[in-house]
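Please read the structure below before turning to the comments.
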Amino acid sequence: MDTKKWRSVAVKIDTYNIIKALCDKKYRAPAAFITKLVDEYVNFQATKNKQTVEVYIKNLLNEKK
């Protein structure tokens, strides 16, 4: 696996079971479901902060440095 492209994360087993059940219901892979959740949250926060998604992400990633 290309470690520059992919990362693993640990979640509580209860959370994993919920994600897996939601994915089974919507015919998605867990990774695709997590990506969807993150995209929706970023859109929500950008709107809340009256910023474009691109500006919000840029600011968010710059805060990390």
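Residue numbers start at 1 and run along the sequence shown. Computed from a predicted model, the values in this text were never measured in an experiment.
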* Transitive ILVMFWY cluster of Ile13, excluding itself - 4.5 Å side-chain cut-off -> Val11, Tyr16

* Structure fact -> What one should report as the nearest heavy-atom pair of Pro30 and Cys23 is CA-SG, 3.6 Å

* **Qualifying salt bridge (Lys or Arg N to Asp or Glu O under 4.0 Å) pairs with a residue from residues 42-58, counting only residues at least two apart or across chains** => none

* To do: Output every pair passing salt bridge (Lys or Arg N to Asp or Glu O under 4.0 Å) with a member in residues 29-41, not counting sequence neighbours, ordered by first then second residue.
  => Lys36-Glu40

* With sequence neighbours excluded, what pairs up with Thr3 under the side-chain contact (heavy atoms from CB on, under 4.5 Å) test? -> Arg7

* To do: Mind checking the CG-CG spacing from Leu22 to Asn17? Nearest 0.5 Å is all I need.
  => 11.0 Å

* Closest approach of Ala46 and Thr52, non-hydrogen atoms and distance? -> CB-O, 3.9 Å

* **Partners meeting side-chain contact (heavy atoms from CB on, under 4.5 Å) with Val38 (sequence neighbours left out)** => Ile34, Val42

* **Common cluster, Val53/Leu60, ILVMFWY with side-chain heavy-atom separation under 4.5 Å** => yes

* To do: With sequence neighbours excluded, tell me which residues meet side-chain contact (heavy atoms from CB on, under 4.5 Å) with Leu37.
  => Phe33

* Any salt bridge (Lys or Arg N to Asp or Glu O under 4.0 Å) pairs touching residues 15-31, not counting sequence neighbours? -> Lys20-Asp24

* To do: Sequence neighbours left out, what passes side chain to side chain donor-acceptor pair (under 3.5 Å) with Tyr41? Give chain and number order.
  => Gln45

* Quick one: hydrophobic cluster around Tyr27, which other residues, with the 4.5 Å side-chain cut-off, linked directly or via members? -> none

